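Notes to accompany the following structure.
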Amino acid sequence: MNGDLKSRLGKIVHYKLFLPLFCLFLVLMVNVITTPDFFHVEIRNGVLYGRPVDIINRASELVILAVGMTLVVAASAGTDISVGAVMAVTAAVTTFFLSGGEISVNEYQFPLFPAILLGIGAGALCGAWNGFLVAKMRIQPMVATLILYTAGRGIAQLITKGQITYIRVDSYQYIGNFLPGVPIPTPVFISIAVVILVQLFVKKTAFGLFVESVGVNKEASKHVGLKSVMIIFATYVFCGVLSGIAGIVASSRIYSADANNIGLNLELDAILAVALGGNSLGGGRFSILGSIIGAYTIQALTTTLYAIGVSADQIPVYKAIVVVIIVSLQSPEFQRYVRKFRKKLEAKKAIGEVTA
Amino acid sequence: MNLLGKKKLNQNSFLLIVTIILFFAMYIFGCIVFRDLNFGRFQVFLNLMINNAALIVIACGMTIVMITGGIDISVGSFVALSCMMLANMMENQGVGAVQAVLIVLVTGVVFGIVQGFLVAYLNIQPFIVTLAGMFFARGMTAIISRDMIAIKNELFTSWAQFRIRFPFGGYVNRRGKVIDPYIYPTVVIALVILVITFIILRYSRFGRRFYAVGGSEQSSLLMGINIRRTRFIAYVISGFYCAIGGILFCLNTCSGFVEQAKGFEMDAIASAVIGGTLLTGGVGNVIGSFFGVLIKGTIETLINFPGVLSSWWVRIAIAALLAFFIILQSVLGSKKEKGARA
Amino acid sequence: MEENVVLHMEGIYKTFPGVKALQNVAFTLREGEIHALMGENGAGKSTLIKVLTGVYELDGGSIYLKGHGEIVNKSPQDAQDNGISTVYQEVCLCPNLSVSENIFMGREPRKGGFVDWKKMHEDSRKLLSSLDIDIDVTAAVENYSIAIQQMIAIARAVSTECKVLILDEPTSSLDDSEVEKLFSVMTNLKSKGVGIIFVTHFLEQVYQVCDRITVLRNGQLVGEYPIKDLPRVELVSKMLGKDLDDLAEIKNMRTTKPSEKVIIDADSVKSAKIKEFNINVHKGEVVGLAGLLGSGRSELVRAIYGADKANAGTVTCADKKVRSGNELESMKAGMAYLPEDRKKDGIIPDLSVRENMLIALQVKNGMFKLINKKNQEEFVDEYIKILQIKTASRETPIKSLSGGNQQKVILARWLLTNPEFIILDEPTRGIDIGTKTEIQKLILRFADEGKGVIFISSEIEEMLRTCSRMGIMRDGKKVGELSGEENLNVSSVMKAIAGGEK
């Protein structure tokens, strides 16, 4: 009985992460077949070099965003489509302070860490605004975040005065590239740190439980004394902070704030990562681990598509198709149709057997 | 009882009235502030219509979808796709203007059918479906061509440049010639669609179902309305209107490129919301959305008129206006809820 | 079949996952009669009506309609086309649309293909004035009170040429004069030969207008009776499934007596849903609330716990005044609330048994004091054992447990918070007999431990076994209390519920 139970439970756990892992495997296989030296990693100029490193490195921002998006989806059954724009705002705010309003500087006009904190603070503020609209004003999450989705880049443009602000200081580039003497790209460390910290917060406090509870049944949660407004609000602020961190990483990679392109189209990737990770977009139960696997899968897919010559602006077509397929498979209606169809098929078979 | 009913009825159309007053206030403000720059000229108003003809049509479709309680954020990308398809077909494939236009219209309907099916029959959140649609259409545009294609097709450009002149309200230019105010056929098409949509929504049984479904799905079902079909049709209409909007937009720009009509979905949603369409569904009116478009256009004109401010201010101003109106809706909505409970 | 039968249903079966909602139910409606359909909650009245009107597909059985022979209603539209009009329990109108549109939705009068608004408003006005209602028909329905809305729904149903009119608890929101109006409309339709199915919880009304009564219980047919053959008290006993003469023996398992100390005191509390009431519970006392469904039992306890915000009066728990509308505060003051609707208000379906059980304690402890894994498992295993919860493991999602076991998990959830005062609203509904007895024993144990309990059940006997005092609820109001051995018996409680001997 006990062993049977365990194997059954194992199956469920297995199933939960099965889809994301399978997808990741699929993408990697395609790569290995088309480019046999896909997994080749070497050290050039004292740093790691190779496709896998590139994927893991480039996926960092997405991983960070996917973590925030997972919480938002779980608590409010809606997605935050402003994450890309919030990244741009954060980058703009940080570089604005660092450059003291100049277009290009060779030394900091403001200490680095306070500037980063101010940038992340701006991200948190954006998250708080979204959270206010969703939790307190009870506006559909995606309409609420649509406001910053379109206005966010405008705000970033205003901060940077429509220019691309360059910070030509080595230490600023450390965040998005390499620390001196370390062969592994810094964003990888940052994303791992974020994941660990959030995972600790979710698992070592009751936050994760409360988020799931509110996401599954608001009414029942209310009767046990949970304040759903506060919890949903908190997830949006969280998402804003994480978007801010992602924005700083992205900005440091190009040691500048490019309001038009930082985090562009990343909102779809983040939503896709959450869905691909086996999380229902209808809220409730969530798995941060799943979303992270989803994020790496998508980055692998993106890199693969780049490799076969698809350009950045064409990639969304394929991702949109994947999104539609995943949400369709998740949809209870679809499952109902399949069941009905199967029943019909069985009935036909039965009739066939009888007549035969 | 009677009195109370009347009073609350006014509150219902409160948002529409605010919108119309806001439009006139802003327009008059513009006339006063920019009187040296001839803001008050009739042609400036007509330009407002010319520039926003596509948006008027798309806002009509958006209004219908929002009345059923849904949303369609794929509209901007689809406009870009329509323009690109037209440009590519006419310039690179040698397709005639009429055929190209027809193909775009059919594509719009097909796009609407797919989105409508996913929303209405598979019950997937409209936002997710149309978000995917938005990225799909934008990406397809890039797949067709990553470079800008200018349209030189004679027939098409002749449509685009055909001026319908007004025999009045003209002004005398510097050379002493009288310039009659004019519009393009796009404005006429947009206004015809506006009127048709108004009539459908107001005077057809079929149009009233959109309101019923948006008001209460459960009740609509029990009143014998086919909810799924109704929601499905809303998206198909929106897809069709997007195609028309795309064609009008293309007549205005005579080109196709990837970044075209960016943020158009926000403009359309903002126009509808500003015009009194409730995000929660069930309430809305294309006349309101029309004024919503005019307000958005006026803001754009006001910001761009002196040519000093960054165009990003337009985006931010529209987003702020949208935020203001949805908060207003939410506040009025919760007040109503409380009122009904007491 | 009799000559004047307009509708006949027989052998009706309907099953929902885990519930047999209707089993071999038959129902016959004659022309020009008002036929009451009676039964307690879960008896299957609403299901029967929804099967009849095509909202649910039926699993077995057949429906015959005069002039149509056997019919199958696949949707409400089919039912309407077949001449069956319905007014549902919840007002089913579109709040955003005008009164006249709601009346004519789907069959709006048209002129040249366009909706003729003028004629529609005119017709609606006429129709409503025949019901003595004078309102602005162009205004949206949401502007009107629930009572007026219900009358509009009735107008909609009446305005179609129907042979069968179904009224599913239409009167719960109407005041006396409105009920009178409705009755006159009903009598009028009856004289025109329309068959009316009338579902209500108000016994008074049944005896005022109905000709015949069909009683359902637990999804089964109890019987069909002409009104004159079924006195009121007997009807109640048929609905509840208890014979009046069969005086139940009150088993007293209590080892202690209730103390003098009051644990909960609600003083002139009222909310939007319940009229002003006073109630108190002593330490170690079980107080029952008796009344038919819709009599305000649940609303009363919701107001005490703060699930509904009270707009007057004070609630004191263990000498602490509790701010109303704040459930966290009620919980911290020592209250526990097991809600009536387990699915909607109780379980958190996707979460595990462990999480469902610990959530209340965790909220009480605060977010940052996560109960450690070992303690969690100990607590949960302990209660799984004490309450004999049948679950594959503590990590099984609660939604895959049976109703009774789900209820025990919710009960454990509250016991873990170590409450002083427990509200149990229908804890035994939809639960097998064995578990019911267990829960009753538990209630007595709580009392022995010095807790105060309010216990609500549709089964009077159950309450008699456990309660030492009973509040009597009728028509959204607490009308009295019964206490003392001599008063606590089935017949006197039933009489009190039914509203005196008539």
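The model shown is predicted, which means the values in this text are computed figures rather than measured ones. Naming convention: chains lettered A, B, ... in sequence-line order (proteins, then strands); numbering from 1 in each chain.
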Quiz item: Which residues in residues 107-120 of chain C have any heavy atom lying under 4.5 Å from a heavy atom of chain B?
Solution: Arg107(C), Glu108(C), Arg110(C), Gly113(C), Phe114(C), Val115(C), Trp117(C)
Self-check item: Glu180(C), CD: over 12 other non-hydrogen atoms inside 6.0 angstrom
Solution: yes
Quiz item: With respect to chain B, which residue among Leu97(C), Val141(C), Asn311(C) yields the maximal number of heavy-atom pairs within a distance under 4.5 Å?
Solution: Leu97(C)
Quiz item: Could you state the interatomic distance from CE (Met223(B)) to CZ (Phe104(C)), rounded to the nearest 0.5 Å?
Solution: 12.0 Å
Self-check item: Residue part contacting chain B, namely of Asn102(C), when any heavy atom lies under 4.5 Å
Solution: both
Practice problem: State, with a plain yes or no, whether a side-chain heavy atom of Thr86(C) is found less than 4.5 Å away from one of Leu222(B). | Solution: no
Quiz item: Within a reach of under 6.0 Å around NZ of Lys181(C), are more than 12 heavy atoms found that belong to other residues, nucleotides or ligands?
Solution: yes
Quiz prompt | For chain C, the option from Glu217(B), Arg208(B), Gln218(B), Arg209(B) that forms the most heavy-atom pairs under 4.5 Å | solution = Arg208(B)
Practice problem: Measure the shortest side-chain to side-chain distance between Gln77(C) and Asn226(B) over non-hydrogen atoms and say whether it is less than 4.5 angstrom. | Solution: no
Quiz item: So, does Asn96(C) use its side chain to make a donor-acceptor pair with the main chain of Gly214(B) at under 3.5 Å?
Solution: no
Quiz item: Gly281(B), Ser220(B), Gly207(B), Gly215(B): which one forms the most heavy-atom pairs within less than 4.5 Å of chain C?
Solution: Gly215(B)
Practice problem: Under 4.5 Å, counting heavy-atom pairs only, tell me which of Cys92(C), Gly54(C), Ala79(C) racks up the most with chain B. | Solution: Cys92(C)
Quiz item: Any sub-3.5 Å donor-acceptor pair from Ser216(B)'s side-chain atoms to Cys94(C)'s backbone N or O?
Solution: no
